[in-house]
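A short worksheet on the structure shown next.
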Amino acid sequence: MRILLIEDEKALSNFIKQGLEAAGHVCVQMFNGAQGLLKALQEDYDVILLDLMLPQMSGMDILKQLREYPSKTPVVVISALDHSDQVVKALDEGAMDYLRKPFAMEELLARLRALQRRIDHDQASHLQVGDLTLDYQRYCAYRGNKTIALTRKEFALLELLMRNADRVLTKTFIAEKVWEVDFDMSSNIVEAYIYQLRKKIDKGFDYPMIETLVGIGYRLRSSTDP
Ligand code: CA
């Protein structure tokens with residue numbers, strides 16, 4: 001897994017990084033809250049390990065920000081705050097798990113394996129954004145009661161939009177991920193496929209999910225909220 005570790009105690013952070021890397025994970029360290037949040041929003045991680053007592057921005061505030069953004073990266077809290085109030089609060093704010101310090105490296109690794117199994121299970125069968133579902137087994141989509149047949153590239157494009165729901169994706173980014181070609185080659189292809197996809201998933205529904213940001217790219221909206 002690619003892991004973002006936001007922990008201000010250097011020695012502990014290095015110890016965790018070492019343990020994670022020994023188990024085959026990639027670990028990026030951030031040592032204060034504000035920079036950690038920025039990193040979490042700018043780059044893709046499979047999981048964020050988050051301390052609560054951090055300089056500049058608390059872990060609780062980071063959880064709130066991630067939820068509002070919204071970020072789908074699972075967060076595991078690692079904290080010396082062991083009051084059940086804190087645990088409940090962190091879980092309510094969106095943390096997937098809470099590990100009390102001090103903990104054994106083996107326990108952290110086991111929690112990550114459990115998290116990975118949950119992620120794999122969720123991803124294996126379907127992907128859900130708002131009332132739109134992508135079905136990996138039947139290789140189609142559903143919106144409301146409508147079953148939507150998709151070509152291979154339409155499926156890949158919709159999957160990319162759904163995995164990044166509510167984020168603006170540039171045409172360049174989409175072209176690279178779905179067609180593995182650069183922008184000059186593919187600007188029209190992306191537009192053409194978005195047009196096709198719109199007809200399939202938005203036509204006849206109350207609110208259009210695929211939004212065009214002129215001159216920038218596209219965004220799949222998970223709700224009607226602006
Ligand atoms: Ca701390």
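All ligand and atom numbering here is 1-based and tracks the order in the structure.
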Taking 3.0 Å as the cut-off, does an N/O/S atom of [X] lie below it from the Ca ion (ligand 1)?
X     : answer
Glu9  : no
Met53 : yes
Glu7  : no

Sort and list the pairs that fulfil ring-ring contact (aromatic ring centres under 6.0 Å, His included) and have at least one residue in residues 129-149, not counting sequence neighbours.
Tyr136-Phe155, Tyr139-Phe155

Tyr207 ring centre to Arg221 NZ or CZ under 6.0 Å, with the angle to the axis within 45°?
no

Could you tabulate the donor-acceptor pairs under 3.5 Å formed by side-chain atoms of residues 87-111, not counting sequence neighbours?
| unit_1 | atom_1 | unit_2 | atom_2 | d |
| --- | --- | --- | --- | --- |
| Asp97 | OD1 | Arg111 | NH1 | 2.7 |
| Asp97 | OD2 | Arg111 | NH1 | 3.2 |
| Tyr98 | OH | Leu81 | O | 2.5 |
| Arg100 | NE | Asp82 | O | 3.3 |
| Arg100 | NH2 | Asp82 | O | 3.4 |
| Lys101 | NZ | Glu7 | OE1 | 2.8 |
| Lys101 | NZ | Asp51 | OD1 | 3.0 |
| Glu107 | OE2 | Arg111 | NE | 3.3 |
| Glu107 | OE2 | Arg111 | NH2 | 2.7 |
| Arg111 | NH1 | Tyr98 | O | 3.2 |

Nearest to the Ca ion (ligand 1), which N, O or S atom of Asp8 do we find?
OD1

Tell me which N, O or S atom of Asp51 sits nearest to the Ca ion (ligand 1).
OD2

Are the side chains of Ile6 and Ile48 in touch, meaning some heavy atoms are under 4.5 Å apart?
yes

For side-chain hydrogen bond (donor to acceptor under 3.5 Å, both in side chains), just list the numbers for Thr212 and Arg198, CA-CA rounded to whole Å, side-chain angles, deciding distance to a tenth of an Å, and then say yes or no.
CA-CA 11 Å; Thr212 302; Arg198 268 209 176 104; 2.6 Å; yes

